[in-house]
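Taking it in order: structure first as structure tokens, then the write-up.
We use all heavy atoms of the structure for the numbers below, so side chains are in, but hydrogens, waters and symmetry mates are not. Both counts, for ligands and for their atoms, begin at 1 and track the order of listing.
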Amino acid sequence: MRNKNVAIVGATGAVGREFVGCIENRGIPLASLKLLASPRSAGKTQMFRGQELTVETLTDDAFAGVDIALFSAGGSISRQYAPIAVKAGAVVVDNSSTFRTDTAVPLVIPEINARRIKDHKGIIANPNCAAITTLVPLWPIHRSNPVRRLIVSTYQAASGGGAALMEELEQSTRAYLDGNAYAPKVVKYPYAFNLFSHNTAIDMATGYNDEESKVIKETKKIFEDERIAVSATCIRVPVLRAHSVSMTFECERAITPDEVRGLLEKAPGVRIVDDWANNYFPMPKDASGQGDVLAGRIRTDLSDLSGKSISMFVAADQLLKGAALNAVQIAELL
Ligand SMILES: NC(=O)c1ccc[n+]([C@@H]2O[C@H](COP(=O)([O-])OP(=O)(O)OC[C@H]3O[C@@H](n4cnc5c(N)ncnc54)[C@H](OP(=O)(O)O)[C@@H]3O)[C@@H](O)[C@H]2O)c1
């Protein structure tokens, strides 16, 4: 990524703004940075390293001279413009789900499968944010003692649904506290002081929603292991930023919480927050604004008498490690 011409597609969005921040904070020297969004944002400005950059409209010609294009403007934009960017000579790192299950497209979490980056044919997919939050701490365990069954329940923040959903949580909460009525605009459920099943479509054959299916499929693809049995329940909670995940997993052999702690202490991208005495464990508040996945509540699953199962609770800033930071890490490795 050093000294390259970089474009951000969706630069005004929740993830897009974090791309700019990640590049700036990591001190990556670029040849140029181009900010692209819809015509609604053309002419808006954003600061980058003390310089005011003007947002441009995304067009077919926007990728001339671009080496790396970071996409986060939704699936339909990726489907339409990623091939155009590749044709113009750019490598695309895409945040949407469009290419994730395409067998020709690497799906990469650098701490797990950075080696897959070199297989790219122009596009590299960034995994689902709940999947990244779950898999970064699970990988070192899986490598040591293969996980055979995984059950996850997510507590997903408004920011996972983009800038508009964050605004909806803030506005509906303010209205609720002021005793005013609020008509939801982004999701069909009241969001203030409420939670609801993830606002993606339900597969009528299985009953799983789209987010849950992504976690299931992406776990198998990233771990390159079709034998892991996965079930997920994805829930949107009234937290502004950072996802949390409760997971229980069964390994091939018996495993202790101390073994898990030992593995996670050495794991890149993981920080243990597991203070039993003070009842202090991972929280979205602590996960926000930093790049590690926080892991705690590491304990034996007492419902499995074989001693092969562990339960734990993790939290990560899904706008950073779940999206922009993971994509920038991929771009750095390019
Ligand atoms: N939020 C997350 O935690 C997260 C995590 C992983 C992946 N993702 C994926 O990242 C993508 C963006 O998510 P987000 O949360 O950042 O959404 P967002 O806050 O709604 O931002 C969407 C961005 O896309 C741009 N856009 C929309 N229509 C466009 C068009 N026709 N042409 C060019 N740009 C257009 C918007 O520009 P305007 O401001 O001009 O409308 C804005 O910059 C989605 O595919 C999402 O699934 C998000």
Exercise. Begin from the C-alpha positions of Lys321 and Glu111 and carry the test salt bridge (Lys or Arg N to Asp or Glu O under 4.0 Å) through to its verdict.
Key: CA-CA 11 Å; Lys321 187 54 194 168; Glu111 290 85 350; 2.8 Å; yes
Would you list the atom pairs, donor with acceptor, under 3.5 Å between side chains in residues 76-88 and any protein atom, with sequence neighbours excluded?
from: Ser78; atom 1: OG; to: Gly74; atom 2: O; distance (Å): 3.3
from: Ser78; atom 1: OG; to: Asp94; atom 2: OD1; distance (Å): 2.6
from: Ser78; atom 1: OG; to: Ser96; atom 2: OG; distance (Å): 3.3

Quiz prompt | Any donor-acceptor N or O pair under 3.5 Å, side chains Asp304, Ser309 | solution = yes
Practice problem: Indicate yes or no: does Glu24 engage Arg49 in a salt bridge with an N to O separation below 4.0 Å. | Solution: no
Quiz item: Does Glu265 have any side-chain contact (heavy atoms from CB on, under 4.5 Å) partners at least two apart in sequence or in another chain, and if so, which?
Solution: Ile272
Quiz item: Listed by chain and number, what are the ring-ring contact (aromatic ring centres under 6.0 Å, His included) partners of Phe313, not counting sequence neighbours?
Solution: Tyr155
Quiz prompt | Protein residues that have a heavy atom under 4.0 Å from any atom of ligand 1, sorted by chain and number | solution = Gly10, Ala11, Thr12, Gly13, Ala14, Val15, Ala37, Ser38, Arg40, Ser41, Leu58, Ser72, Ala73, Gly74, Ile77, Asn95, Ser96, Cys129, Ser159, Gly160, Gly162, Ala163, Gln318, Leu319, Gly322, Ala323
